[in-house]
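Just so it is clear, the values below take in all heavy atoms, side chains as well, and ignore hydrogens, waters and symmetry mates. For ligands, and for the atoms within them, numbers begin at 1 and follow the listed sequence.
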Amino acid sequence: MCGIIGYIGSQEAEPILIEGLRRLEYRGYDSSGIATLELSDEVPRLGCRLHLRKRAGRIQDLADLLREEPARGTLGISHTRWATHGPANDRNAHPHCSSDGSIAVVHNGVIENYSTLKRQLQSEGVEFSSDTDTEVIAQLIAKQLRELNAGRNGRGLTSTGLFVEAVSKALALLKGTYGLAIVSTQFPDVILGARLGSPLVVGVGDNENFLASDPSALLGKTDKVVYLRDHQLCVLTADDWHILDQDRARVEATVHSIDWDVGDADKGAFEHHMLKEIYEQPEALENALRGRLSEADATAHFGGLNLTTQQLRDVERIILTACGTSYHAALVGEYLIEEFARIPVEVEYASEFRYRNPPIDRNTIVIALTQSGETADTLAALRESKRKGHPTLALCNVVGSSIAREADGGVYLHAGPEIGVASTKAFTNQVAVLTMLALYFGRLRHLSSLQGMQMIRELREIPDLVRQTLRCDKQVRHIAEKFAHVRNFLYLGRQYHYPVALEGALKLKEISYIHAEGYPAAEMKHGPIALVDEQTPSVFLMPRGPIFDKVMSNLMEVKARRGPVIAIVSEGEIEAAHVADEVIEVPSVPEYLQPLVTVVPLQLLAYHIARIRGCDVDKPRNLAKSVTVE
Ligand code: AGP
């Protein structure tokens, strides 16, 4: 998954593009580049100068290069890469140009038939300079333009329509996914964008316009965005923009306003986005709950489910599908919905569900959980469910994202932009929304108004209780110093805490690169306990609840094998303190709400261990914030 941003206006493009890339760096960061078009008096009208600068490494490496060799011009495109084809080096960094230097392209996605197309072009004498699939796009557009130019014998050669036609013909040959920004030296006053399967938005400015992979790149530049749909093209000039459909006919488009402000995406006083987002959880949870809990009806209300009450009453099964952290939130949702709504729930990895083709009876709804709204596997699972006629919902954080738009209805998480690759506030907001959904479905069936009122009261206290939980940060930092250099970690919990154990393990491994496994605590004796030794700490999630004693027994089994134990317990719990090596207390909350507090020390533990190990917390190796490729 990569980051794209384009600019056309009256200002120098370079600084605007570099700032935008920095906001997109979480989408991919193994190399980056920029291409600008410079019109100048000494350059004939039909030509202009294309500046191309690209560099492996972080965006700062590109900025350093630009200090030495500026890329001038008020029109430009840029890209930060997460490699899918070809290693991360200067030559594979985007933008990619046609061999005649007239076309430059930046691309997010995967062209599945690029090898065939590349061989065909090479057989026609086209020389390639990279290992990427993207370069094929630039070469195809240049080829189409050459053929169109030849057919025009000089007439209308600067008409944007010619550019659009050449791009449209080239795209028709591609199989795969793309979000593209394209510039041409023949048309130095226009940027073209195109979308199929990878997100792309137009940022509408004042006598300037932008193109970006997602709105966070535009913070501080414009709050007006237009989301491209699949098969659409956009044409941007400095003072205008329009959207074209697959037949190159103009289509109407809605201009959305983003309600994020610049501060939302900046780190503020925090060293990393991840820590900021861990601390934003109380506020994010307040935003998730705001306006959705009704004491009068003792239930939750959602504005965008787009399913009738009867449809919802007829639901006989729910499938939750997601990836990664969102999958762990879905596992919590399974316990919640089955406990409070008594509806059978299945949780499916989206990457498996999309191919597994399980028998699903009619009254099943499919709910996709996703922070980014662009995860390719989750989007594909959603489309497969729609294809089979199931009502679909999306629990999503990014307004207007693909999954949010393609689901029949849904609930926005309102967590604000989540920049750190390791998801934190999106997880707790997903759990909060799932809790409200469980309440909502339950109250459509058998939950009494008293039970509904009780849940609403308990939910309203959660943001402050999470705020209280954050007080364990200093203690967790000391614990992290003790265990930052081990090679393996185990995370163990039961019931609502089994998914939290999985989430804690994922947090640790994805940012500290320590191997970690999450298990149902009782599973230890079925094999994993063989892993326990003095160098393998086990984190036990054991707040007060009906099976506390069972988990305590599992803890004793680990201690009997000299395994270090970190116990996450309810405040005031003393029994564990006599046995565990470290005890972290979290506020006492009803069992079904405990994941919202017990996950916080696990997020902090992963963060501090990664920081102590000198890992890049916000941009961990090999990862990207949203995986828009399969
Ligand atoms: C979470 O910390 C990971 N970065 C990753 O597992 C993520 O949750 C997963 O890729 C799903 O992303 P989504 O929620 O945007 O669909």
Closest non-hydrogen contact found for His497 with Pro595 is CE1-N, 4.0 Å
Discussion item. Tell me whether Lys625 has any N or O atom under 3.5 angstrom from an N or O of ligand 1.
Written reply: no
Should Leu470 and Val600 count as side-chain neighbours, where that means a heavy-atom distance under 4.5 Å? yes
Taking only non-hydrogen atoms of Lys507 and a 4.0 Å limit, the atoms of ligand 1 in range are 1 (C), 2 (O)
Ranked by distance from atom 9 (C) of ligand 1, the top protein heavy atom is Cys323 O, 3.8 Å
Check your understanding: Between Ser423 and ligand 1, is there a nitrogen or oxygen pair with a distance under 3.5 Å?
Key -> yes
Worksheet entry | Thr370 N/O under 3.5 Å from ligand 1 N/O | yes
Does the side chain of Gln281 reach to within under 4.5 Å of the side chain of Leu596, using non-hydrogen atoms?
no
Quick look: Glu510 vs ligand 1, heavy-atom contacts under 4.0 Å, and the answer is side chain
Logged contact type for Thr325 with ligand 1, heavy-atom cut-off 4.0 Å, is both
Ranked by distance from atom 12 (O) of ligand 1, the top protein heavy atom is Thr375 OG1, 3.5 Å
Review point. Under 30°, 30 to 60°, or over 60°: which ring-plane class applies to Tyr327 and Tyr349, parallel, tilted or perpendicular?
Key: parallel
So the atoms of ligand 1 within less than 4.0 Å of a heavy atom of Ala422 turn out to be 2 (O)
| task | Give the ring-plane orientation class for Phe270 versus Tyr279, where under 30° counts as parallel, over 60° as perpendicular and anything between as tilted. | result | tilted
Residue, atom and distance of the protein heavy atom nearest atom 10 (O) of ligand 1 read Val627 CG2, 4.2 Å
Looking only at heavy atoms, the pair that brings Met274 and Gln603 closest together is CE-O, 3.8 Å
Within the structure, does Val421 bring an N/O atom to less than 3.5 angstrom of an N/O atom in ligand 1? yes
Kindly state whether the ring of Tyr592 and the ring of Phe340 have centres lying under 6.0 angstrom apart.
yes
